[in-house]
Amino acid sequence: MYKELIDKLEREQRLSFNEYLILIKNRDKIREYAVQRAAAVRDKHYGKKVYIRGLIELSSYCKNDCYYCGIRHSNKNCQRYRLSADDILICADNGYKLGFRTFVLQGGEDAYYTDELLCGVIRSIKEKYPDCAVTLSLGERSYESYKALKEAGADRYLLRHETCNKEHYEKLHPKEMSFERRMKCLRELKELGYQTGAGFMVGSPYQSEADLASELIFLKELQPHMVGIGPFIAHSDTPFKDFECGTAELTLFMLSLIRLTLPNVLLPATTALGTIHPLGREMGIEAGANVLMPNLSPSEVRKKYMLYDNKICTGDEAAQCISCLSKRVETTGCEIVNDRGDYKNEV
């Protein structure tokens, strides 16, 4: 029965809520087959290519107070920093020399990063490196801001929604944050023509298996170009410090279901997955992922951008990290490529 459901999902690229829920509840019985079929679908659309994105973490300041996040506004123990425009451009220069052709500018929701500043940085990167893509992951902004950043040359925007269940969202965030606002931002990003990314935590506090089935229905409707998921990992300076972490096992199964539901999607094996399990990123690739995001941030600030405890690769130099990752990826039968790695529209 479970094998038939996986075959149906591969064939039709969607299941009902109840069918997804059956698979999630019985994942132990079908995990290996799901991984096998997800990898085959990934190979059909992208081959054995794994795309690398150079992650530049701009700022550990954030106006939000999400209950799960280590850089939340109320965390008095968080070490705060900001990269200047020049700092960001130096990171991009270093990354280009190492073969990166996508740069991801990520940070907390920090008012220091005005449209004027960000547009200047984006234009500088695109003028110097016209063969590169710029991805932004800077949270909720106005439609006008998203439009200005797109016009400056930004190609992609990653905005993790964290959960598609409004009640669950309100358990993860303070009342001043709005589920409706988050969903509106995702719609606006797609409307503006960004390659748009969404994503959620696996095993976050109060999350049910039914919630995970709903995520797959939501993603099918949204049709994002990227989906970033990773296990919830508790941070010791947050209200969720005593909650149990998510698991690599469930995260990997969800990666496979996402690949089968959205065959063309760009799917990272995240740092959080590598943090929860020493071979997490390799297993993520084997389960259907095809993106890795090594850190290009200056080494002196990496330990300050601590969204969760025990984050890996906070001390590695970028060149060391990419060399290590290349060898790791080879063990999966895939290979890292120096490519923008754009979303492929073909069916």
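Since this is a predicted model, take the numbers as computed values, not measurements.
- For the pair Lys166 and Glu180, the salt-bridge criterion is met [side-chain N within less than 4.0 Å of a carboxylate O].
- The distance from the SG atom of Cys164 to the CG atom of Leu222 is 10.5 Å, given to the nearest 0.5 Å.
- Ionic pairing of Glu335 and Lys49 is not present here: no N-O contact between side-chain nitrogen and carboxylate oxygen is shorter than 4.0 angstrom.
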| Asn165 and Ser214: side chain to side chain contact (heavy atoms under 4.5 Å, CB included), yes or no, with the steps? | CA-CA 8 Å; Asn165 178 328; Ser214 296; over 6 Å; no

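- A donor-acceptor contact shorter than 3.5 Å links the side chain of Asn264 to the backbone of Lys344.
- Taking the six-membered ring wherever Trp is involved, the centroid distance between the rings of Tyr68 and Tyr308 does not fall below 6.0 Å.
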| message | What verdict does the side chain to side chain donor-acceptor pair (under 3.5 Å) test give for Glu109 and Tyr61, after you've listed the backbone C-alpha separation in whole Å, the side-chain angles of each residue and the deciding distance to 0.1 Å? | response | CA-CA 7 Å; Glu109 292 193 20; Tyr61 285 90; over 6 Å; no

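- Taking 4.0 Å as the cut-off between side-chain N and carboxylate O, Asp93 and Lys128 count as a salt-bridged pair.
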### Message
Would Asp110 and Lys63 count as a salt bridge (charged side-chain N to carboxylate O under 4.0 Å, His left out) here? Give the steps.
### Response
CA-CA 6 Å; Asp110 182 356; Lys63 70 179 179 62; over 6 Å; no

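- Ring orientation note: the planes of Phe103 and Tyr129 are tilted relative to one another, at an angle of 30° to 60°.
- Without hydrogens or angle criteria, Asn290 side chain to Leu267 main chain gives a donor-acceptor distance under 3.5 Å.
- Proximity of a side-chain donor or acceptor of His168 to a complementary backbone N or O of Pro205 within less than 3.5 Å is detected.
- Using a 3.5 Å distance cut-off with no hydrogens or angles, the side chains of Thr261 and Tyr20 do pair a donor with an acceptor.
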- Step by step, would you call His225 with Val265 a side chain to side chain contact (heavy atoms under 4.5 Å, CB included)? CA-CA 5 Å; His225 306 94; Val265 78; over 6 Å; no

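- Judged by distance alone, with hydrogens and angles left aside, the side-chain atoms of Asn295 form a donor-acceptor pair with the main-chain N or O of Ser297 at under 3.5 Å.
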Kindly indicate, with the supporting measurements, whether the criterion side chain to side chain contact (heavy atoms under 4.5 Å, CB included) is fulfilled by Tyr33 and Ile6. CA-CA 8 Å; Tyr33 187 65; Ile6 292 291; 3.7 Å; yes

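- Between the side chain of Gln13 and the backbone N or O of Glu10 there is no donor-acceptor pair closer than 3.5 Å.
- With Ile122 as the partner, the side-chain contact (heavy atoms from CB on, under 4.5 Å) test is satisfied by one option alone out of Leu117, Leu136, Ile88: Leu136.
- Note: the hydrophobic cluster containing Ile258 also contains Ile24 (ILVMFWY, side chain heavy atoms under 4.5 Å, direct or indirect links).
- Look at Arg72 and Asp237 and you find no salt bridge, because none of the NZ, NE, NH1 or NH2 atoms lies under 4.0 Å from a carboxylate O.
- Scored by the side-chain contact (heavy atoms from CB on, under 4.5 Å) test, Glu249 finds Arg27, Asp28, Arg31, Thr247 as partners (sequence neighbours excluded).
- A donor-acceptor pair under 3.5 Å is absent between the side-chain atoms of Glu12 and the main chain of Leu9, judged by distance alone.
- Proximity of Leu105 to Thr135: side-chain heavy atoms (C-beta onward) are nowhere separated by under 4.5 Å.
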Walk me through it: do His161 and Phe218 pass the test ring pair (Phe, Tyr, Trp, His ring centres under 6.0 Å)? CA-CA 11 Å; His161 60 285; Phe218 169 75; 4.8 Å; yes

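- Listed for the Asn75 side chain is a donor-acceptor partner under 3.5 Å among the backbone atoms of Gly70.
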Test salt bridge (charged side-chain N to carboxylate O under 4.0 Å, His left out) on Glu57 and Lys311; report intermediate values, then the result.
CA-CA 14 Å; Glu57 294 163 335; Lys311 182 180 169 188; 2.8 Å; yes

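- Here the OG1 atom belonging to Thr251 is positioned 12.0 Å from the CZ atom belonging to Phe232, to the nearest 0.5 angstrom.
- With hydrophobic clusters built from ILVMFWY side chains whose heavy atoms lie under 4.5 angstrom apart, Val35 does not share a cluster with Leu15.
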Side chains of residues 277-287: which donor-acceptor pairs under 3.5 Å do they make with residues two or more places apart or in other chains?
from	atom 1	to	atom 2	distance (Å)
His277	ND1	Leu279	N	3.0
Glu282	OE1	Arg328	NH1	3.2
Glu282	OE2	Arg328	NH1	2.9

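- A salt bridge is absent between Glu4 and Lys8: the closest approach of a Lys/Arg side-chain nitrogen to an acidic carboxylate oxygen does not fall below 4.0 angstrom.
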**Message:** What verdict does the salt bridge (charged side-chain N to carboxylate O under 4.0 Å, His left out) test give for Lys147 and Glu151, after you've listed the backbone C-alpha separation in whole Å, the side-chain angles of each residue and the deciding distance to 0.1 Å?
**Reply:** CA-CA 6 Å; Lys147 186 171 186 286; Glu151 289 172 350; 2.7 Å; yes

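- Both Leu118 and Leu89 are part of a single hydrophobic cluster, where members link through side-chain heavy atoms under 4.5 Å apart.
- Counted by atom type alone, Ser16 and Glu19 present one or more donor-acceptor pairs between their side chains at under 3.5 Å.
- Salt bridge Asp342/Arg156: present, at least one basic N to carboxylate O contact under 4.0 Å.
- Within the model, atoms OG of Ser124 and NZ of Lys126 stand 12.5 Å from one another, a figure rounded to the nearest 0.5 Å.
- Taking 4.0 Å as the cut-off between side-chain N and carboxylate O, Lys3 and Glu32 do not count as a salt-bridged pair.
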Could you please spell out the steps behind the salt bridge (charged side-chain N to carboxylate O under 4.0 Å, His left out) verdict for Glu188 and Lys184?
-> CA-CA 6 Å; Glu188 289 175 346; Lys184 181 170 181 278; 2.7 Å; yes

| field | Residues Arg259, Leu257; criterion side chain to side chain contact (heavy atoms under 4.5 Å, CB included); working and verdict | value | CA-CA 5 Å; Arg259 171 61 68 198; Leu257 294 186; over 6 Å; no

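- Remark: side-chain polar atoms of Asp211 are not paired, donor with acceptor, to backbone N or O of Gln207 under 3.5 angstrom.
- Side chain to side chain, Gln195 and Tyr157 fail the donor-acceptor criterion of an N or O pair below 3.5 Å.
- Using cut-offs of 30° and 60° for the angle between ring planes, the Phe240 and Phe243 rings count as perpendicular.
- A salt bridge does not link Arg340 to Asp131: none of the charged nitrogens lies less than 4.0 Å from a carboxylate oxygen.
- Counted by atom type alone, Asp339 and Tyr51 present zero donor-acceptor pairs between their side chains at under 3.5 Å.
- Linking Ile, Leu, Val, Met, Phe, Trp and Tyr whenever their side-chain heavy atoms come within less than 4.5 Å leaves Met201 and Ile71 in two separate clusters.
- Going from atom OH of Tyr113 over to atom CG of Leu149 covers 13.5 Å, rounded to the nearest 0.5 Å.
- In summary, Lys48 and Asp43 engage in a salt bridge, as defined by a charged side-chain N under 4.0 Å from a carboxylate O.
- Distance alone, capped at 3.5 Å, is enough to place a donor-acceptor pair between the Arg42 side chain and the Ala289 backbone.
- Hydrophobic cluster membership differs between Leu98 and Ile90, with clusters built from Ile, Leu, Val, Met, Phe, Trp and Tyr side chains linked at under 4.5 angstrom.
- Salt-bridge check for Arg141 with Asp115: passed, with a basic side-chain N closer than 4.0 Å to an acidic carboxylate O.
- Residue pairs meeting the side-chain hydrogen bond (donor to acceptor under 3.5 Å, both in side chains) criterion with at least one member in residues 265-276: none, sequence neighbours excluded.
- Remark: the backbone N or O of Gln79 is paired with a side-chain donor or acceptor of Ser60 at under 3.5 angstrom.
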